[in-house]
Number of protein chains: 2
Amino acid sequence: MAERETTPPTTVWSRPERGARGPAPERSRYEITGAALALADAEGLPAVSMRALAQRLGTGPASLYRYVGSRDELLDLMADAVAGELDLSAAPSGDWLGDLVGLALQSKAAHARHPWLADLNDRRGEVLGPHAIDYLDHALAILAPAPGTSGQKLEAIGLLGGLATLFARREAPASAGAGDPPAQAAHLAAVAAEGRHPHLLAALTTAGPPPVAGPAERDALFERLLRRLLPAMLG
Amino acid sequence: MAERETTPPTTVWSRPERGARGPAPERSRYEITGAALALADAEGLPAVSMRALAQRLGTGPASLYRYVGSRDELLDLMADAVAGELDLSAAPSGDWLGDLVGLALQSKAAHARHPWLADLNDRRGEVLGPHAIDYLDHALAILAPAPGTSGQKLEAIGLLGGLATLFARREAPASAGAGDPPAQAAHLAAVAAEGRHPHLLAALTTAGPPPVAGPAERDALFERLLRRLLPAMLG
DNA sequence: TAATACTGCGAACATCGATCGCAGTATTGG
DNA sequence: CCAATACTGCGATCGATGTTCGCAGTATTA
């Protein structure tokens with residue numbers, strides 16, 4: 001008569017790490033997440049296959065499913081692990097804009113450390129793990145003295161994360177998996193030289209050496225834009 | 001003796017649509033791209049598999065590779081097709097900020113029409129097709145009277161596209177493939193209620209009904225932020 | 001007309017995420 | 001103390017994916 005057949009919990013964190021009966025697991029979610037992180041850092045996110053990860057851990061692919069319900073859950077764990085890398089120890093200073101910008105810079109730095117994070121963050125249906133929740137609460141604490149409704153603040157925090165991802169992606173060296181930048185540039189120049197795109201041609205000939213700025217200037221631009229954006233969202 | 005074994009062209013558009021010898025192809029890149037677009041609109045990007053697309057076109061999967069070198073190239077074609085949907089007919093009015101904001105709004109609207117576009121746009125190593133190049137030239141034409149170097153303008157245009165993607169994603173209804181928003185919200189509330197996240201708890205109880213704004217207000221916020229951002233980038 | 005270079009495509013391959021079911025092991029209840 | 005129970009590890013396997021191979025047929029070229 002019990003018709004319960006749905007799958008109520010659905011997130012990694014709502015399921016117990018292990019059962020109470022059988023033998024002790026030989027690994028842990030933490031260990032597996034760490035190995036996945038190392039693999040992603042070294043060879044990129046696509047290289048994090050269940051098989052490759054299992055091999056790295058010296059086990060079979062099927063075994064991983066004792067710890068993780070699916071590869072997607074593994075990605076959730078990875079994302080939350082990176083969220084845990086952020087330093088939330090500093091208490092809000094009262095300068096909410098400055099504090100929030102600092103948080104965003106930390107977030108952007110995390111993206112630089114883990115180039116695959118951007119691809120993780122724009123999956124649909126993101127799930128907030130414990131570290132992400134800590135982050136959220138911290139950001140809300142920072143925003144306590146700021147104007148705006150709770151809804152506006154939540155939106156601002158979400159947007160902030162998206163912006164960190166966006167800027168990190170734009171700052172990422174094209175090296176990472178990109179096809180062939182010089183060839184692409186040559187193709188662009190060739191098309192522009194056909195005469196139908198005068199402004200593009202002008203821009204390409206003018207800006208021969210691209211004005212790639214150093215990390216400090218990149219951060220400064222990011223900060224400058226945030227300091228204009230955030231007040232406009234919360235006013 | 002000829003050691004040429006590399007693959008020089010590498011983009012869909014640098015390869016001829018068809019050879020000069022054999023029978024006339026039964027389909028065209030245009031037709032295939034259109035079918036892929038329809039499929040993606042109807043069932044999402046993951047549903048655009050070579051097999052499903054072939055079936056929709058009444059052919060075998062292998063045949064598609066006569067028109068497209070890989071699935072990735074197909075995605076390039078799709079992205080450029082959407083770029084072709086933008087209306088670039090209006091000549092620059094002299095109000096570069098207004099014109100550029102209009103372009104960004106168009107771009108955001110395209111994302112709303114094609115929810116999968118966001119996932120396309122944040123692939124690495126994007127390739128610019130003819131429509132994308134037209135777009136780029138148009139944006140540069142708009143920016144002609146604006147201050148800033150060519151490099152800054154190119155960066156601003158790129159950022160603009162990223163922002164349109166970002167905002168479109170944030171405005172997308174959680175419906176699209178999202179797991180279970182209410183359950184996630186309940187989980188969040190439960191965690192917050194444990195007492196360790198007071199600000200989160202306060203925000204969740206305060207903002208019971210989320211202040212989802214209408215499309216008009218969304219666009220207005222987007223425009224407001226852009227009008228603050230762009231001058232800051234080009235000054 | 002013969003050589004050539006294409007087109008369509010069935011069959012197959014490698015790789016992926018995921019499931020099944022069995023053997024072994026620790027906990028539980030009587 | 002001992003079955004019943006519920007777990008763990010994992011080899012074998014499934015279904016789906018992108019992609020390649022090779023062949024038969026066809027239009028162009030010389």
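Values below: all heavy atoms of this structure, side chains included; hydrogens, waters and symmetry mates excluded. So that the names make sense, note that chain A is the first sequence line, chain B the second, and so on, each numbered from 1. Here the structure is a predicted model, which means the values were calculated and not measured.
Taking atom CG of residue A:Leu64 and atom P of nucleotide C:dC16, one finds them 13 Å apart after rounding to whole Å. Rounded to whole Å, the distance from CE on B:Met50 to C1' on D:dG15 is 19 Å. The distance between atom CG of B:Leu45 and atom C1' of D:dG18, rounded to the nearest whole Å, is 14 Å. One can place OH of A:Tyr65 at 20 Å from C1' of C:dC22, the figure rounded to the nearest angstrom. Atom-to-atom, CZ of A:Arg18 to C1' of C:dT25 comes out at 11 Å; the value is rounded to the nearest Å. Rounded to whole Å, atom P of C:dC16 lies 11 Å from atom CD of A:Glu43. Residue A:Arg51 contributes atom CZ, which lies 6 Å from atom C1' of C:dC16 at whole-angstrom precision. For A:Glu17 and D:dA6, the CD to P distance is 21 Å, given to the nearest whole Å.
Here the NE2 atom belonging to A:His197 is positioned 12.0 Å from the NE2 atom belonging to B:His138, to the nearest 0.5 angstrom. Once rounded to the nearest 0.5 Å, the distance linking CD of A:Glu26 with OH of A:Tyr67 reads 6.0 Å.
A close approach under 4.0 Å does occur between a side-chain nitrogen or oxygen of A:Ser63 and OP1 or OP2 of D:dC10. For C:dA5, neither phosphate oxygen OP1 nor OP2 lies less than 4.0 angstrom from any side-chain nitrogen or oxygen of B:Arg66. OP1 or OP2 of D:dG9 has at least one side-chain nitrogen or oxygen of A:Tyr67 nearer than 4.0 Å. Contact annotation: B:Ser49 reaches the phosphate of D:dT17 (side-chain N/O to OP1 or OP2, under 4.0 Å). The side chain of B:Thr59 places an N or O atom within less than 4.0 Å of a non-bridging phosphate oxygen (OP1 or OP2) of C:dC9.
Between B:Gly22 and A:Arg27, the residue anchored closer to the 5' end of DNA chain D is A:Arg27, taking for each the nucleotide with the nearest heavy atom. Map B:Gly69 and B:Pro23 each onto its nearest nucleotide of DNA chain D; the residue landing nearer the 5' end is B:Gly69.
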**Request:** With side-chain hydrogen bond (donor to acceptor under 3.5 Å, both in side chains) as the test, would you mind laying out the steps for A:His187 and B:Ser14 before giving the verdict?
**Result:** CA-CA 8 Å; A:His187 172 67; B:Ser14 49; 5.8 Å; no

**Prompt:** For A:Trp13 and A:Asp76, what are the C-alpha separation, side-chain angles and deciding distance, and is it a side-chain hydrogen bond (donor to acceptor under 3.5 Å, both in side chains)?
**Reply:** CA-CA 10 Å; A:Trp13 295 283; A:Asp76 289 339; over 6 Å; no

**Asked** Can you list the steps and then say if A:Glu85 with A:His114 is a side-chain hydrogen bond (donor to acceptor under 3.5 Å, both in side chains)?
**Response** CA-CA 11 Å; A:Glu85 291 180 2; A:His114 310 294; 3.0 Å; yes

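You won't find any donor-acceptor pair under 3.5 Å spanning the side chain of A:Arg71 and the base of C:dG17, going by distance alone.
Among D:dT8, C:dC6, C:dG10, the nucleotide with an atom closest to any side-chain atom of B:Arg21 is C:dC6. The side chain of A:Ala62 lies closest to C:dT19 when the candidates are D:dG9, D:dG18, C:dT19. Distances were taken from every side-chain heavy atom of B:Pro25 (C-beta onward) to each of C:dT7, C:dC16, D:dT8; the shortest belongs to C:dT7.
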